[in-house]
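Written below as structure tokens is the structure these notes are about.
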Amino acid sequence: MGCVGTGSGRENEPSPTPVTVPARPAGRLDPSRCSVRALERGDSPVATASPAQRWLLIEQPGPWGRDALAESRFDQEVAPALARRSRAENVRLLLIRRPGERLADSGRRWAYADSRPGQESLWWSVRSADADLLTAPWDGSVGTRAERPVFLVCAHGGHDACCALRGRPLARAMPAPGPADVWECSHLGGDRFAANVVVLPHGFYYGQVPGDGGDLVRAHELGQVALPWLRGRAGVPAPGQAAQHRARELLGLLGLEDLPVTGIRPMTAPGAEIERWIVTMAGPDGPVVASVESRPSEVAERLTCRATHPAHSRTWHVALEHIALD
């Protein structure tokens, strides 16, 4: 069994004074940082992508605190209601901003993205006021459709220093075809895997992205995943992410749409220390079936820079049981 790894009616009201969030230095990328320790341990980011499948991106320049929406220059009278709506509609909310001096303009853009299989799309719009987002449709019915992948690099230093120390340089250097295709974003999760990137609209998560991320960009321009740094596809359950990754490795299937998960059958009770599943994927010549096992890591570690106590991560182990052939 191969080891995959660890895993409004407000238009006429005056705008309130926004909260001023002081910029805080991220510090240095020294040996105590969670991303440095994770690389030294060889932690794998496989099967750690978010369950999100719908996204709201809000351009918000300036600093972000630990809670990006509530601790930013976004209208703080609107923020709580917007957060409630995003939870109610199961839409992942991310703040975004231009990286470095890539573009001088900072607008009031926002986007809705759908990463559900068969519905992959991202639509850009511009708001006149933050309150517009409370009533705007989050369904792709407004805005201009993006024609190329959008790369979001987590640079949320207010949440974890590693995200800023590794993410900001990557976002500035990433050689995307157009300057509007790369953004810094708020917390993606998996801080120890910084630099973290999510590529929309398909929702592919990447971690420990090295250099300027050029290989990742080129892969997606070709309609492929960049397997060495792939964490998984958002919305796919973790056992499915692990199975897909192992099958891609063994079968060389790198297309964005390759190996969709068609079934996940649990073989153990939920919450068991060692969990097992049978995962079925659609291969080019028929079903691909994998046996997947997850267990806690042998040693507990501090998994983020802010962590006060060590914790066990999950490790993933996959064996392909059946591959349909011509």
Side-chain angles (χ1 to χ4, degrees), residues 1-7 44-55 90 92 113-122 139-140 145-151 190 197-207 215-268 270 275-294 314-326:
M1 183 174 287
C3 180
V4 177
T6 56
S44 168
V46 171
T48 60
S50 163
Q53 289 189 296
R54 299 169 62 222
W55 314 75
N90 198 25
R92 177 72 183 272
D114 194 332
S115 59
R116 290 174 292 184
Q119 301 185 54
E120 297 91 342
S121 57
L122 186 148
D139 58 8
R145 184 166 183 156
E147 299 299 329
R148 293 195 299 256
V150 174
F151 299 84
V197 179
V198 64
V199 185
L200 295 177
H202 282 76
F204 283 102
Y205 267 64
Y206 293 92
D215 289 341
L216 189 161
V217 171
R218 285 185 286 273
H220 275 268
E221 288 296 305
L222 294 172
Q224 298 180 343
V225 297
L227 195 60
W229 310 288
L230 182 63
R231 291 176 55 181
R233 180 169 179 171
V236 176
Q241 295 179 34
Q244 282 183 324
H245 198 283
R246 185 61 173 161
R248 286 182 183 277
E249 284 181 327
L250 295 179
L251 303 178
L253 296 173
L254 302 181
L256 299 181
E257 309 294 347
D258 287 344
L259 296 166
V261 173
T262 58
I264 298 178
R265 179 160 55 98
M267 306 301 291
T268 53
E275 294 183 275
R276 297 183 179 89
W277 302 263
I278 298 297
V279 177
T280 304
M281 297 160 280
D285 302 310
V288 176
V289 181
S291 174
V292 179
E293 180 180 284
S294 176
R314 301 293 295 186
T315 64
W316 294 89
H317 310 268
V318 179
L320 295 192
E321 304 291 346
H322 173 75
I323 304 172
L325 301 174
D326 283 333

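Predicted model only: the values in this text are computed from it and were never measured. Position 1 is the first residue of the sequence; numbering continues from there.
- The pair Arg265-Glu321 does not meet the salt-bridge criterion, since no charged nitrogen lies less than 4.0 angstrom from a carboxylate oxygen.
- Checked against His202 for a side-chain hydrogen bond (donor to acceptor under 3.5 Å, both in side chains), the options His220, Arg233, Glu257 give a single hit: Glu257.
- With contacts defined as side-chain heavy-atom distances shorter than 4.5 Å, the pair Ser115/Phe204 does not qualify.
- Here the shortest heavy-atom pairing between Leu200 and Ala113 reads CD1-CB, 4.0 Å.
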| request: Before giving the answer on side chain to side chain contact (heavy atoms under 4.5 Å, CB included), spell out for Ile278 and Ser291 the whole-Å C-alpha distance, their side-chain angles and the decisive distance to 0.1 Å. | output: CA-CA 5 Å; Ile278 298 297; Ser291 174; 4.2 Å; yes
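- Distance CE/Met281 to CG/Leu253: 10.0 Å, rounded to 0.5 Å.
- Here the shortest heavy-atom pairing between Val318 and Ala290 reads CG1-CB, 3.9 Å.
- Among all heavy-atom pairs drawn from Gln241 and Val236, the shortest one is NE2-O, 2.7 Å.
- With Arg116 contributing its side chain and Gln53 its backbone, the two residues share no donor-acceptor pair below 3.5 Å.
- Side-chain N or O atoms of Gln244 include none that pairs as donor or acceptor with a backbone N or O of Gly232 at under 3.5 Å.
- Residues Leu230 and Tyr206 meet the side-chain proximity criterion, which asks for heavy atoms closer than 4.5 Å.
- The shortest side-chain heavy-atom distance between Trp229 and Val197 does not fall under the 4.5 Å cut-off.
- A donor-acceptor distance shorter than 3.5 angstrom exists from the side chain of Glu120 to the backbone of Gly118, with no hydrogens or angles considered.
- Side-chain contact between Val288 and Thr280 is absent, with no heavy-atom pair separated by less than 4.5 Å.
- The shortest heavy-atom contact between Ala234 and Ala49 is N-CB, 3.9 Å.
- Contact record, Tyr205 with Arg92: OH-NH1, 3.4 Å, taken as the closest heavy-atom pair.
- In terms of heavy atoms, Arg248 sits closest to Asp258 at NH2-O, 3.5 Å.
- Glu221 has no carboxylate O lying under 4.0 Å from a charged side-chain N of Arg218, or vice versa, which leaves the two without a salt bridge.
- Inter-residue side-chain proximity for Val199 and Leu216 is flagged as met; some heavy-atom pair is nearer than 4.5 Å.
- Between the side chains of Arg276 and Thr268, not a single donor N or O lies within less than 3.5 Å of an accepting N or O.
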